[in-house]
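Below is one structure, written out as structure tokens; the observations come after it.
Below, chains carry the letters A, B, ... as their sequence lines are ordered, and counting in each starts from 1. Please read all numbers here as calculations on a predicted model, not as lab measurements.
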Amino acid sequence: MERRQFIKSACVACAGMAITLPFLNGCGTPAQLIQAALNGDELQVPLTAFAEKNYVIVRSKQLEFDVFLKKESDGCYKALLMRCTHRNNPVQRTSNGFVCHEHGSRFDEQGLVLTEPAVKNLIELPTTINQSYIHIKYRLP
Amino acid sequence: MNPALKRIFFVIICTFITVSTKAQTAEDSLVTGLTKRDGSTAISGYGEFKFNYDLRYKTGTANMTRAVLFVGHRFNKRVSLVSELELEDAKIEGGEAGGEFNLEQLYLRFNLNASHYLTAGLFIPRIGIINENHLPTTFNGNDRPYTEKLVIPSTWREMGIGFYGTSSRITGLSYSAALINGLNASKFESESGIRAGRQGGKMATATNLAITGSLVYNTGDLRAGISAYYGGSTGLSKREADSLLLDNGVFSTPVILTEANITFSKPLFTLKTLGAVISIPDAEKLNRAYAGNTASMMFGGYFEAGINLLHAFKHKGEQKLDLFARAEIINLNAELPDNGISNEINEKTFFITGLQYFPAKGVVIKADYTLRNTGEPNNDLIINPFPEALPYYKSNGFFNIGAGYSF
Ligand code: FES
């Protein structure tokens, strides 16, 4: 391959990657991700968000980390801060827990450590239900 | 300046203008008291040391392999600094081999949102498993897998910019892409592949660049990853390149690395496999210029299985005892150009088995045995043959006992 031709194709590949990667994330809001406004130090999630699913990932533009909010089988709601307890990297939801790509820590669905280097479980945030909203207290330790 | 290079620098500058504008206009004041305070600094670290006994030569060494100090600083919710200072082999003394004091990483991180960020500086691209996840409590054995040392030259960090993200649409999918400085082919060595050509942020030639990208998918107990690297390896001026009969350009004399890995983890056991291939189509030109006996193709791979014995015996608690075994095959002269010289010493297999005991979370004590087999060394390439030098054993065993920590 000619050098000029290669450089051209490398630039195309680079640009292609830059354009394609964000699309893996999709354009619209995925079903599990909901945007919530911050009210004081509380995130408010409508109960209707759980009409067809048993968990949502709550995101607020004002906050650094998402919150995983799950409806337990007893009807209670459990909120986990999606921040790795090793070095505060965001964790990613998987089909049965969470993973942190920074150094490979894994957590189960309840936020308990499965694989080090993280040694502490994910932080659970207090929740209350008031009328038709679940309120999550967002205060980092 | 080369027009392609100009274009790339323009894209980098535009990207940073966009990100820093975003950083300055963030609604930081709204979250005061709700997130970690701006200006907070975090310190942590990891390290490992070992005693090694060579069963053939009957010699032992005790070494403080490495101690790494992590310092992170959060400027605001969008911008933070990550740094790691590493001291290898306990000390550095002038005129003596061994010992290294280096920056393992130092980069600024710009959060785009809760699941995407950019890095700029000296960072470790996502290639293989160990390159990113190399804390001693996370891999089996005193030594990191040899494939991820000799083929993927971990810990491999270069200067550049990176983009990292996780998909919120496809649960468990994450991706990364990076533009970094390329390797320095003048330092390639036959017995260590491309390893010595890493530049590690020390006056790196930056007129040769590399692009790298990865996809990692986590589903259930399975993690599967693929990554690729394509980078120029001669950052020379036109005049220098012409005099060495080499090409000069951003991606000239490319090194191409592709890799795939799979990990399956259950509380009781873990299975892991990885394969990596390096191709250097212009290796002949490199040999003509630098006489490094560079191969045009190298590969390596391993398979590892581990079992958590305490879990098997229904022991509950934070202690863990793992038994593991790993088999590796590496060929650093899988294909040679016409001017390459075959050296079968570069065809290696390793078998490693051992125990890992975790007395507390974050601490591991390791004991393992390594059996290394290689092909016959090429006598034409030996400068000081036996009896001036010690005899070379194609088959040798090593016993290692050591410990590691991470906090
Ligand atoms: S920050 Fe999550 S594993 Fe290190």
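- Options B:Ser80, B:Ser265, B:Gly165 differ in how many heavy-atom pairs under 4.5 Å they form with chain A, and the most are formed by B:Ser265.
- For a residue to count as touching a neighbouring chain, one of its non-hydrogen atoms must lie under 4.5 Å from one of that chain's; by this rule B:Tyr117 touches chain A with the side chain only.
- B:Asn218 CG to A:Phe98 CZ: the interatomic distance, rounded to the nearest 0.5 Å, is 12.5 Å.
- A heavy-atom distance below 4.5 Å is not found between the side chains of A:Pro117 and B:Lys361.
- The backbone N or O of B:Thr166 lies less than 3.5 Å from no partner atom in the side chain of A:Gln92, so there is not a single donor-acceptor pair.
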Original post:
Checking side-chain contact (heavy atoms from CB on, under 4.5 Å) for the pair A:Arg87/B:Phe70: CA distance, chi angles, key distance, verdict?
Top reply: CA-CA 10 Å; A:Arg87 286 187 196 160; B:Phe70 166 89; 3.2 Å; yes
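- Counting heavy-atom pairs under 4.5 Å between each of A:Ile57, A:Val99, A:Thr115 and chain B puts A:Val99 at the top.
- Chain B forms more heavy-atom pairs under 4.5 Å with one residue of A:Pro90, A:Ala118, A:Ser105, A:Gly97 than with any other, namely A:Pro90.
- Proximity to chain A (any heavy atom under 4.5 Å) is restricted, for B:Phe358, to the side chain, taken from C-beta onward.
- Counting heavy-atom neighbours within 6.0 Å of B:Tyr405 OH, excluding the residue itself, gives a total above 12.
- Looking at every heavy atom in both residues, A:Asp66 comes nearest to B:Ala114 through OD1-CB, 3.1 Å.
- Shown here for A:Arg93 and B:Thr171, the closest heavy-atom pair between the two residues is O-CG2, 3.6 Å.
- Checked by atom type and distance alone, the side chain of A:Thr94 never pairs as donor or acceptor with a backbone atom of B:Thr219 at under 3.5 Å.
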Original post:
What do the steps show when you test A:His103 against B:Glu132 for side-chain contact (heavy atoms from CB on, under 4.5 Å), and what is the final call?
Top reply: CA-CA 6 Å; A:His103 308 101; B:Glu132 248 188 347; over 6 Å; no
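- For chain B, the option among A:Glu102, A:Lys120, A:His86, A:Met82 with the highest count of heavy-atom pairs below 4.5 Å is A:Glu102.
- Here B:Arg74 pairs with A:Glu64 in a salt bridge; the nearest charged N to carboxylate O distance falls below 4.0 Å.
- B:Asp221 CG to A:Ser95 OG: the interatomic distance, rounded to the nearest 0.5 Å, is 8.0 Å.
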**OP:** Check the pair A:Asn89 / B:Arg109 against side chain to side chain donor-acceptor pair (under 3.5 Å), numbers first and verdict last.
**Re:** CA-CA 11 Å; A:Asn89 207 51; B:Arg109 172 177 161 145; 2.5 Å; yes
**OP:** Evaluate side-chain contact (heavy atoms from CB on, under 4.5 Å) for B:Val364 paired with A:Glu116, printing each intermediate quantity in order.
**Re:** CA-CA 11 Å; B:Val364 61; A:Glu116 292 195 20; over 6 Å; no
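- Note on B:Gly220, B:Pro136, B:Gly72, B:Ser44: by heavy-atom pairs under 4.5 Å with chain A, the leading option is B:Gly220.
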**OP:** Could you please spell out the steps behind the side-chain contact (heavy atoms from CB on, under 4.5 Å) verdict for B:Ser176 and A:His101?
**Re:** CA-CA 11 Å; B:Ser176 71; A:His101 292 284; over 6 Å; no
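- Contact annotation for B:Thr263: neither backbone nor side-chain heavy atoms come within less than 4.5 Å of a heavy atom of chain A.
- Only the side chain of B:Val216 comes within contact range of chain A, with at least one heavy atom under 4.5 Å from a heavy atom of that chain.
- You'll find the side chain of A:Arg59 reaches within 4.5 Å of the side chain of B:Asn113, heavy atoms only.
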